[in-house]
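Below: the structure, in structure tokens.
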Amino acid sequence: MFNLVKGTHDVIIDEARKYSYIETVLTKVAELYNYKEFRTPILETSELFLRSVGDSSDIVRKEMYTFLDKGGRSITLRPEITAGTIRSMVNNKLFAMEDYPVKGYYVGPNFRYERPQQGRYRQFNQFGVECVGVIKPERDSEIISMGYNALMMLGFENVTLKINTLGDDESRTKYREALKEYFSKYLDEMCEDCKERFELNILRILDCKVPHDIEIVKNAPKISDYLTESAKNSFEIVKKNLDDLGIPYEVDDSLVRGLDYYSGVVFEFHYTSSLGKNYGAIGAGGHYSNLVKEIGGPQVEGCGFAMGIERLASVMNDDNLFADLDDSLDVYLMPMGEKAVDASLLIANEIRMSGYSCEICLENKGFGQMFKKAERRKANYALIIGNEELETGVYTLKDMKTKEQFTVEKDKLIDKLDYEYGEGEYEHHHDHCDCGECSHE
Ligand code: HAM
């Protein structure tokens, strides 16, 4: 027995099906907004994340899986996918034509050496989007609403959307000075992390979860008092757009986000499941002004968000939002006897190539056990083929729900399945038909 690496988890069978479903819905939403898929490597140079996520962020300082490869290069397992996506846009010269915006979506695993807890893993999956170009506030609003709509499409009803603005560079410079002045008075009584944040990225103090520090933060200067006219104006437009779209939100002026690349509007989606469980933000993102330039591209802005698939799956499980997911099997094929076993591969092939899922019972159990197995496999139909059926060329098909049993001519099996699944016509009368309607001599 080998244990899982701490903070990792297997996603198998039912859970994997749920993940696939979530990813299919989210991908569909991305396509509705005309985003194109980006599949970038999990391995990136460590430098990429120092430059983007930022060397003052917790992610870079404490959480990255970084190692030297055999060639002595510093490599990092990506802790998020924004940086890699922008890097690929730059490397593939997608900005060369200035055909803005460049829009990408992605799905895949990320790695952060965090303390594992409810909703927090060391390997976890994200779906996300990035939109890069000349970004107007309306584009920010469109992206926020895209995240919101995606959650609606997954069946969420009451999502809490928190938004804030970090302003432009000028607003933040002024705001940082005000925070420095304020927090320097309390620094001695604050936690060690805050002391570090004071030096590295003072805005992150606003995000501190230590009760005593929260009290100090309450009276700290607010970003809204330090915004330039244009930053204030952009934020007003975003709020108006969200109002017009009927998307409820809360302005949370302590929302600063843990990655260094943000400027302008930032946002998080929160949700408490019906079991009262909160797994942390289910999605988050924001606007970035200098990231593309930092990574070697032109001075263009961008906006995006990412959602945690694990957190979405947990909440959706609690709230029974997977209820409609169908994992039934179309046909459970039960060959009785050696000749039937021999014929079963060909019959199953025909069924599958016609688009119906099919499993053959080759375990040679008795009739009763086979039916039990068909039930466990959630089969809609059992197809029984014995020697007699092979000889006459007429099979027995049993509807596992109604327990109704039909006889079906070999050549009409697929027609019958089409008919049962609501497609096509089926002429069932035949020489051996026992439907009661047929009159055969
Ligand atoms: P983030 O807030 O670090 O942002 O992560 C986005 C989402 O990923 C979180 O809201 C959460 O659902 C999920 N997540 C993060 N860490 C974990 C974890 N340890 N375990 C499980 N789920 C987790 C970003 O990653 C940015 N790249 C988002 C973005 C895209 N901003 C602009 N574009």
Side-chain angles (χ1 to χ4, degrees), residues 6-9 11 19 22 26 30 35 38 40 44 48-49 52-54 57-60 62-65 77-87 89 101-132 135 139-140 143-144 146-147 150-151 154 156 159-164 166 204 207 255-271 278-292 294-295 301-316:
K6 189 172 175 190
T8 68
H9 63 130
V11 182
Y19 277 46
I22 292 173
L26 295 177
Y35 280 67
F38 281 63
T40 61
E44 295 276 3
L48 174 68
F49 303 110
S52 54
V53 176
S57 67
D58 284 353
I59 294 180
V60 169
K62 306 179 197 160
E63 297 171 358
M64 293 209 304
Y65 282 89
L77 303 187
R78 66 180 181 203
E80 57 105 58
I81 317 185
T82 305
T85 304
I86 305 293
R87 179 204 51 66
M89 290 176 177
V102 177
K103 303 195 289 190
Y105 78 87
Y106 48 79
V107 187
N110 296 284
F111 305 83
R112 295 185 193 175
Y113 194 80
E114 294 194 83
R115 199 162 55 81
Q117 50 187 289
Q118 178 170 284
R120 179 154 293 161
Y121 299 88
R122 289 183 174 171
Q123 176 172 344
F124 61 95
N125 294 281
Q126 280 184 343
F127 161 87
V129 302
E130 307 301 336
C131 178
V132 179
I135 302 282
R139 187 70 80 192
D140 290 332
I143 291 162
I144 299 171
M146 176 182 182
L151 294 171
L154 284 170
F156 285 79
V159 170
T160 305
L161 165 61
K162 294 185 181 180
I163 61 170
N164 190 24
L166 302 178
R204 297 274 299 134
D207 209 19
L255 182 68
V256 288
R257 310 277 301 123
L259 301 93
D260 288 357
Y261 49 65
Y262 293 111
S263 56
V265 66
V266 289
F267 53 95
E268 284 184 357
F269 296 104
H270 289 259
Y271 186 81
N278 188 319
Y279 301 88
I282 48 178
H287 181 110
Y288 39 86
S289 301
N290 303 314
L291 177 63
V292 183
E294 275 299 315
I295 296 181
E301 305 188 25
C303 185
F305 65 80
M307 293 185 172
I309 310 283
E310 277 73 3
R311 294 186 188 181
L312 289 174
S314 300
V315 173
M316 290 173 66

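Just so you know, ligand 1 is whichever comes first in the structure, and atom 1 is the first atom listed for that ligand. Since the structure is predicted, the reported quantities are computational estimates derived from the model, not experimental observations. Only this structure's heavy atoms are used, side chains among them; waters, hydrogens and symmetry mates stay out.
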Within 6.0 Å of CZ in F156, more than 12 heavy atoms from elsewhere: yes
Heavy-atom donor-acceptor pair, S289 side chain to S263 backbone, under 3.5 Å: no
Just by modelled atom types, is the N110 backbone N or O under 3.5 Å from a matching donor or acceptor in the E80 side chain? no
Is any side-chain N of the basic residue among D58 and R112 closer than 4.0 Å to the acidic one's carboxylate O? no
Near [X], which atoms of ligand 1 are under 4.0 Å from a heavy atom of that residue?
X    : result
R120 : 19 (N), 20 (N)
L259 : 3 (O), 4 (O)
A284 : 2 (O), 10 (O), 28 (C), 29 (C)
Q126 : 5 (O), 6 (C), 7 (C), 8 (O), 24 (C), 25 (O)
Y106 : 30 (C)
E130 : 30 (C), 32 (C), 33 (N)

I need the contact type for [X] against ligand 1. Using non-hydrogen atoms and a strict under-4.0 Å cut-off, is it side chain, backbone, both or neither?
X    : answer
F267 : neither
R122 : neither
E268 : neither
Y262 : side chain
Y279 : neither
I282 : backbone

Got [X] and [Y] here, is their nearest side-chain heavy-atom distance under 4.5 Å?
X    : Y    : answer
I143 : F305 : yes
Y19  : N125 : yes
P116 : K6   : yes
D140 : I135 : yes
L255 : I163 : no

Starting from [atom], locate the nearest protein heavy atom and write down its residue, its atom name and how far away it is, to 0.1 Å.
atom                    : value
atom 19 (N) of ligand 1 : E114 OE2, 2.6 Å
atom 21 (C) of ligand 1 : G119 O, 3.3 Å
atom 13 (C) of ligand 1 : G308 CA, 3.6 Å
atom 20 (N) of ligand 1 : Y121 N, 3.0 Å
atom 32 (C) of ligand 1 : G304 O, 3.3 Å
atom 26 (C) of ligand 1 : Y261 OH, 3.3 Å
atom 2 (O) of ligand 1  : R257 NH2, 2.8 Å
atom 14 (N) of ligand 1 : F124 CE1, 3.5 Å

Under 3.5 Å, N or O to N or O, is [X] touching ligand 1 that way?
X    : value
A281 : yes
T82  : yes
E310 : no

Assess whether side chain to side chain contact (heavy atoms under 4.5 Å, CB included) is satisfied between T82 and Y261, documenting all intermediate values. CA-CA 10 Å; T82 305; Y261 49 65; 3.2 Å; yes
Under the side chain to side chain contact (heavy atoms under 4.5 Å, CB included) rule, what do V265 and I144 come out as? Steps first, then yes or no, please. CA-CA 10 Å; V265 66; I144 299 171; 4.1 Å; yes
Steps toward side-chain hydrogen bond (donor to acceptor under 3.5 Å, both in side chains) verdict (Y288, E130): CA-CA 10 Å; Y288 39 86; E130 307 301 336; 2.7 Å; yes
Closest by any non-hydrogen atom to atom 3 (O) of ligand 1: pick that one out of R112, E80, R78. R112
Side chain to side chain contact (heavy atoms under 4.5 Å, CB included) between V292 and E301, worked out: CA-CA 7 Å; V292 183; E301 305 188 25; over 6 Å; no
When you measure from the heavy atoms of G283 to every atom of ligand 1, does any distance fall below 4.0 Å? yes
Under the criterion side chain to side chain contact (heavy atoms under 4.5 Å, CB included), which of H270, Q118, Q117 is the partner of Y279? Q118
Show your reasoning for whether side chain to side chain contact (heavy atoms under 4.5 Å, CB included) applies to I309 and V11. CA-CA 11 Å; I309 310 283; V11 182; over 6 Å; no
